[in-house]
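In what follows, a structure is listed as structure tokens, so that the remarks can point back to it.
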Amino acid sequence: MNTRVYLSPPDMSGTEERYLVNALRSGWVAPVGPDLDAFEREIAQRCGTAHAVGVSSGTAALHLGLLALGVKAGDAVVVPTLTFAATANAVVYTGAEPVFVDSRAEDGNVDPDLVERAVADLRREGRRVGAIVPVDLFGACADYGRLVPLAEALGVPLLEDAAEALGATRDGRPAGSFGRAAALSFNGNKIMTTSGGGMIVTGDAALAARCRHLATQAREPVPHYEHADIGYNYRLSNLLAAVGRGQLSRLDEMITRRRQLRERYAKTFAGVPGVRLLGDGDPGANCWLTTIAVEPDRAGWTAAELGAHLGTHDIETRPVWKPMHAQPVFHGRRAWLTGVADRLFATGLALPSGSALREPAQERVFGAVGEFLEGR
Ligand SMILES: *Cc1c(COP(=O)(O)O)cnc(C)c1O
């Protein structure tokens with residue numbers, strides 16, 4: 001019997017189990033303890049930032065990051081239209097308005113020229129722009145060579161949504177180190193997981209302290225429960241942090257596996273007309289999801305047809321994120337569009353990319369892809 005092949009399932013070994021059991025036996029079961037402290041230090045080191053604050057999800061990390069950067073009700077916050085809804089949702093939690101900016105065709109990451117135009121247009125209308133939130137799409141860092149100086153010149157804080165990009169680099173610098181702060185996710189489908197969790201990483205000690213304070217119900221350091229701010233219950237459990245430490249010790253190995261899968265897809269689709277891998281040729285990508293774009297006129301088939309074929313073999317695929325400007329919940333929001341994200345949504349397909357995908361399941365995937373291509 002074949003079991004279903006998933007896009008990006010958790011990849012667990014005996015290491016995580018040992019960390020978890022040790023944490024449980026230590027008695028530190030609350031969202032405080034030595035594994036949480038150590039996990040924060042280890043992630044900060046990995047991201048090249050001085051500080052890290054463990055929280056319950058990547059969405060919570062984005063929310064607190066925005067608040068700590070001073071984003072407030074009525075601000076506009078620039079978000080790529082091609083992202084997971086959490087990026088935009090976190091903006092709405094603050095009372096600010098997400099405004100959407102289109103992608104570059106090569107990797108789907110946000111187009112810096114359009115970001116510049118959006119900020120200029122908004123300011124001309126007298127709007128305050130609270131933050132720019134680039135997303136490192138599918139594990140490839142956004143164009144920080146352009147975005148970091150641009151944000152500095154505009155005087156707008158940059159919050160990096162690195163939820164998909166832990167372990168990736170751009171120009172030798174790690175994902176999470178760009179901008180004033182970054183948000184990471186350890187959700188079950190991400191490059192490494194704590195089942196659910198996230199982290200804010202930053203070089204700014206005051207910003208980290210502010211996030212830690214807001215994540216723990218904004219309790220003032222006095223014994224009688226004093227609160228000067230609205231707080232949140234967002235802290236990461238020490239037990240989950242222990243799982244995260246186990247995963248982090250295996251991160252390089254897991255990235256290597258995903259890169260090998262990407263290589264195999266690249267070979268499989270090399271020479272197939274009308275097919276390209278998004279972000280191909282970015283040596284720093286962590287290869288979280290391998291995503292192809294298929295031009296049906298040239299290929300003679302569509303991404304959806306390949307997805308359906310793999311579905312008959314019980315192999316999961318997904319379309320590229322449906323752009324935020326096309327989501328019912330964000331209907332009518334401001335957007336600066338070129339059509340690239342719509343095109344990627346129409347022609348893109350994310351393929352099984354998990355580091356837990358071993359033989360013989362890998363052979364099943366490539367066999368089914370080969371069978372489809374031969375039949376065309
Ligand atoms: C997964 C993800 C998030 C949210 O992370 P959670 O841990 O699931 O809350 C935010 N942004 C992007 C781009 C993501 O892929």
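Order of listing sets the numbers, starting from 1, for every ligand and every atom in it.
Just one of Arg257, Gln260, Arg264 meets the side-chain contact (heavy atoms from CB on, under 4.5 Å) condition when paired with Gln362; it is Arg264.
Inclusion of Trp321 in the set of residues having an N or O under 3.5 Å from an N or O of ligand 1 is not warranted.
The aromatic rings of Tyr232 and Tyr234 sit parallel to each other, their planes meeting at less than 30°, with 60° as the upper class boundary.
Listed by atom number, the atoms of ligand 1 under 4.0 Å from Thr83 heavy atoms are 13 (C). Under a 4.0 Å criterion applied to the non-hydrogen atoms of Gly197, ligand 1 contributes the atoms 7 (O). Atoms of ligand 1 lying under 4.0 Å from at least one heavy atom of Val135, given by number and element, are 13 (C). If you number the atoms of ligand 1 from 1 as listed, the ones under 4.0 Å from a heavy atom of Ala86 come out as 3 (C), 4 (C), 10 (C). For ligand 1, the atoms lying closer than 4.0 Å to a non-hydrogen atom of Thr87 are 11 (N). Less than 4.0 angstrom separates some heavy atom of Asn187 from each of these atoms of ligand 1: 7 (O), 8 (O). Near Ala163, meaning under 4.0 Å from any of its heavy atoms, are these atoms of ligand 1: 2 (C), 3 (C), 10 (C), 11 (N), 12 (C), 14 (C). Each of the following atoms of ligand 1 lies closer than 4.0 Å to a heavy atom of Gly58: 5 (O), 6 (P), 7 (O), 9 (O).
Using a cut-off of 4.0 Å between Lys/Arg side-chain N and Asp/Glu carboxylate O, Arg334 and Glu97 are scored as not salt-bridged.
A ring-centre distance under 6.0 Å is found for Phe186 and Phe39. You'll find the ring centres of Phe100 and His325 outside the 6.0 Å limit.
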Item to complete: Any chance you could lay out the side-chain contact (heavy atoms from CB on, under 4.5 Å) test for His63 and Val55, step after step, and finish with the verdict?
Response: CA-CA 11 Å; His63 185 192; Val55 290; over 6 Å; no

